[in-house]
Amino acid sequence: MLTNRQLFLRYLAQTSSAPMMLEIIRAEGVFLYGTDGKKYLDLISGVSVSNVGHSHPKVVEAVKNQVGSYMHLMVYGEIIQSPQVNYAERLAGILPPQLDTCYFVNSGSEAVEGALKLAKRFTGRSRIIFFKNSYHGSTHGALSVQGSELYRNAFRPLLPDTFQVGFNDEKSLDSIDNNTACVIIEPVQGEAGVIYPENAFLEKIRKRCSSKGALLIFDEIQTGFGRTGFMFAIDRFGVIPDILLLAKALGGGMPLGAFISSKEIMSILVSNPPLGHITTFGGHPVCCAAGLASLNVIIEENLVESCNQKSALFKMELIHPLISEVRGEGLLLAVQLIDPEYVQFVIANAPDYGLILDYFLFCSNAFRIAPPLIISEDEISMACRQLKMLLDDAMNNPKKK
Ligand code: PLP
């Protein structure tokens with residue numbers, strides 16, 4: 001009989017030649033529990049999803065209650081489903097007033113697709129501006145605005161009339177013109193290795209978009225729900241987009257995405273043609289119930305407020321000869337090492353030290369720290385102790401580098 005490990009390799013499509021290959025039987029709080037009897041401290045929230053930790057009792061209860069009432073009823077947008085309605089109203093209550101109309105979808109990539117279509121349809125233009133080293137997902141539209149030639153090139157032809165510019169590069173503002181439908185940007189670039197905007201870059205883009213009639217899309221799929229020490233990066237920078245994209249932590253551990261805009265912009269999807277975006281499972285009631293429960297926990301337990309103190313603790317403890325920088329705010333941190341080869345060693349061997357770590361797609365000399373926001377100060381100290389032992393191991397054993 002084949003083991004689960006063998007079945008995994010035999011029957012599941014693989015996306016890399018070196019999957020993590022841990023077999024987990026249970027996850028609770030900040031820990032994953034393996035079939036090997038070991039427990040692993042989750043330092044990535046798989047990825048930036050489990051902001052309230054794994055199996056939070058209030059999220060589990062909401063899921064169970066909703067499953068007991070109903071699951072899928074009908075394609076999106078036809079039947080009034082209280083989990084969708086309640087969650088959309090709650091989101092509108094914590095977002096700027098012009099972001100009050102929510103289209104729930106299944107994933108981050110689908111939110112990107114919906115937003116790009118919405119911007120093209122609303123402006124009647126086709127040009128889309130995106131940024132170098134941006135990541136917006138893996139579907140064709142999202143891939144067309146991914147800031148990496150390596151990933152884009154293999155799948156051409158992609159969406160036409162897309163244009164890549166530099167993040168934090170003032171020259172990029174000139175590319176936003178009267179033919180531009182939208183600018184899509186992560187307010188803090190995640191996969192680039194946690195890169196913050198500088199010199200009021202977002203403000204300048206906002207101004208330029210407004211003056212040219214282009215829509216500004218913020219992809220907060222990774223930064224949303226407290227990750228940067230603010231509920232949204234919108235609050236951190238005081239810049240309001242025309243369309244906001246959410247996913248990952250939006251579903252509290254269940255698959256859910258959303259593109260959110262004003263009633264005026266969103267209403268363009270109603271006619272010519274009608275059903276401007278269609279999704280069967282988007283806004284699944286169980287996912288909305290879980291997401292709303294998770295958001296309530298984030299607010300009730302003041303998780304956003306606690307983030308910066310926790311971040312400071314990581315930065316205070318993570319001092320080591322191999323670490324050249326700990327970058328970021330809140331609980332989205334990039335730990336930069338002096339050599340990318342050490343990064344590979346550290347991530348690959350983290351489970352031996354009871355830790356789960358991960359790469360950034362476009363930043364080979366750093367690894368990610370993005371634990372559930374509920375992580376305690378003792379757990380942070382424990383994580384840092386283990387990490388430093390792992391870094392010692394990497395440093396002292398050149399063969400392992
Ligand atoms: N946008 C950003 C900033 C992301 O980090 C991701 C996923 O990592 C996506 C979009 C795509 O989301 P999904 O994987 O749910 O399609």
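Using a 4.5 Å heavy-atom threshold, the side chains of Asn179 and Asp161 count as separate. In this structure the side chain of Asn199 reaches within 4.5 angstrom of the side chain of Lys204, judged on heavy atoms.
Nearest heavy-atom pair, Cys363 versus Arg327, reported as atom, atom and distance to 0.1 Å: SG-NH2, 3.8 Å. Counting all heavy atoms, side chain and backbone alike, Asp42 lies closest to Ile44 at OD1-N, 2.9 Å. Minimum heavy-atom separation, Ile184 to His136: CG1-CE1, 3.6 Å. Smallest separation of non-hydrogen atoms from Leu41 and Ala383: CD2-CB, 3.5 Å. Residues Thr123 and Gly213 come closest through the heavy atom pair CG2-O, 3.8 Å. Here the closest non-hydrogen pair linking Ser175 and Thr180 is O-OG1, 3.6 Å.
Side chain of Arg208 to main chain of Ile176: a donor-acceptor pair is present (N/O by atom type, distance under 3.5 Å, no hydrogens or angles). Judged by distance alone, the side chain of Glu78 and the main-chain N or O of Val75 form no donor-acceptor pair under 3.5 Å. Thr162 places no side-chain N or O within donor-acceptor distance of the main-chain N or O of Ile128, the cut-off being under 3.5 Å. Gln386 places a side-chain N or O within 3.5 Å of a backbone atom of Tyr353 that can act as its donor or acceptor partner. Asn133 places no side-chain N or O within 3.5 Å of a backbone atom of Gly166 that could act as its donor or acceptor partner. In this structure, Asn153 contributes its side chain and Glu149 its backbone to no donor-acceptor pair below 3.5 Å.
Scanning for side-chain contact (heavy atoms from CB on, under 4.5 Å) contacts around Gln344 gives Tyr359, with sequence neighbours left out. For Glu113, there are no salt bridge (Lys or Arg N to Asp or Glu O under 4.0 Å) partners at least two apart in sequence or on another chain. Glu191 is linked by a side-chain contact (heavy atoms from CB on, under 4.5 Å) to Tyr135, Gln222, Phe360, Leu361, Phe362, Arg368, counting only residues two or more places apart in sequence or in another chain. For the side-chain contact (heavy atoms from CB on, under 4.5 Å) test, residues two or more places apart in sequence or in another chain that qualify with Val85 are Ile80. Remark: Phe104 engages Tyr87 in a ring pair (Phe, Tyr, Trp, His ring centres under 6.0 Å) (not counting sequence neighbours). Applying the side-chain contact (heavy atoms from CB on, under 4.5 Å) rule to Lys207 yields no partners; only residues at least two apart in sequence or on another chain are considered.
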* Val112 and Thr139: side chain to side chain contact (heavy atoms under 4.5 Å, CB included), yes or no, with the steps? -> CA-CA 9 Å; Val112 171; Thr139 52; 6.0 Å; no
* Asked: So Val183 and Phe131, side chain to side chain contact (heavy atoms under 4.5 Å, CB included) or not? Walk me through it.
  -> CA-CA 9 Å; Val183 174; Phe131 291 86; 3.6 Å; yes
* Does the pair Gln189 and Ser134 meet the rule for a side chain to side chain contact (heavy atoms under 4.5 Å, CB included), with working shown? -> CA-CA 6 Å; Gln189 286 197 312; Ser134 61; 4.0 Å; yes
* Starting from the C-alpha separation in whole Å, work towards a yes-or-no answer on side chain to side chain contact (heavy atoms under 4.5 Å, CB included) for Leu158 and Val145. => CA-CA 9 Å; Leu158 294 169; Val145 293; over 6 Å; no
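Using modelled atom types, one finds a donor on one side chain and an acceptor on the other under 3.5 Å when comparing Asp392 with His320. No hydrogens or angles considered: a donor-acceptor pair under 3.5 Å links the side chains of Glu377 and Gln309. Between the side chains of Asn51 and Ser294, no donor-acceptor pair is found at a separation under 3.5 Å. Side-chain contact of Ser69 with Gln66: a donor-acceptor pair under 3.5 Å is absent, judged by distance alone.
Residue Lys132 places its NZ atom among 12 or fewer non-hydrogen atoms of other residues, nucleotides or ligands, all under 6.0 Å distant. Crowding of Met21 atom CE: a count of heavy atoms from other residues, nucleotides or ligands under 6.0 Å exceeding 12. Residue-environment remark: CZ (Phe8) exceeds the threshold of 12 foreign heavy atoms within 6.0 Å.
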I'd like a table of donor-acceptor pairs (distance under 3.5 Å, sequence neighbours excluded) in which one partner is a side-chain atom from residues 310-317, with atom names and distances.
unit_1 : atom_1 : unit_2 : atom_2 : d
Lys310 : NZ     : Ser306 : OG     : 3.4
Lys310 : NZ     : Leu373 : O      : 2.7
Lys310 : NZ     : Ile375 : O      : 2.8
Ser311 : OG     : Gly330 : O      : 2.9
Lys315 : NZ     : Gly328 : O      : 2.5
Glu317 : OE2    : Ser381 : OG     : 3.1

With a 3.5 Å cut-off and sequence neighbours excluded, list the donor-acceptor pairs that the side chains of residues 88-97 form with protein atoms.
unit_1 : atom_1 : unit_2 : atom_2 : d
Arg90  : NE     : Asn296 : OD1    : 2.9
Arg90  : NH2    : Asn296 : OD1    : 3.2

Side-chain donor-acceptor contacts of residues 23-33 below 3.5 Å, not counting sequence neighbours, with atom names and distances?
unit_1 : atom_1 : unit_2 : atom_2 : d
Glu23  : OE2    : Asn4   : ND2    : 2.7
Arg26  : NH1    : Glu28  : OE1    : 2.6

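The CG atom of Asp393 sits 11.0 Å away from atom OH of Tyr342, with the distance rounded to the nearest 0.5 Å. Taking CG from Leu391 and CD1 from Ile319, the interatomic distance works out to 12.5 Å, rounded to the nearest 0.5 Å. Taken from CG in Leu256 to CD in Glu110, the straight-line distance is 10.0 Å, to the nearest 0.5 Å. For the atom pair CD (Gln84) and CD1 (Ile79), the distance works out to 10.0 Å, reported to the nearest 0.5 Å. Once rounded to the nearest 0.5 Å, the distance linking CZ of Arg227 with CG of Leu333 reads 9.0 Å. One distance of note links CG of Asp352 with CG of Leu390; it measures 8.5 Å at 0.5 Å rounding.
Here side chain to side chain donor-acceptor pair (under 3.5 Å) pairs that include residues 254-273, with residues two or more places apart or in two chains, number zero. Residue pairs that meet the side chain to side chain donor-acceptor pair (under 3.5 Å) test with at least one member in residues 234-254, sequence neighbours left out, are Arg206-Asp242, Arg236-Glu329. Screening residues 46-63 for salt bridge (charged side-chain N to carboxylate O under 4.0 Å, His left out) gives Lys58-Glu300 as the qualifying pairs, with residues at least two apart or on separate chains.
Looking at Val335, Val343, Val346, Ile338 one by one, the single match for side-chain contact (heavy atoms from CB on, under 4.5 Å) with Leu322 turns out to be Ile338.
A salt bridge links Asp177 to Arg127: at least one charged side-chain nitrogen sits closer than 4.0 Å to a carboxylate oxygen.
The aromatic ring centres of Phe167 and Phe201 sit less than 6.0 Å apart. Taking the six-membered ring wherever Trp is involved, the centroid distance between the rings of Phe281 and Tyr76 does not fall below 6.0 Å.
Ring pair His277/Tyr103 is perpendicular by interplanar angle, where above 60° counts as perpendicular and below 30° as parallel.
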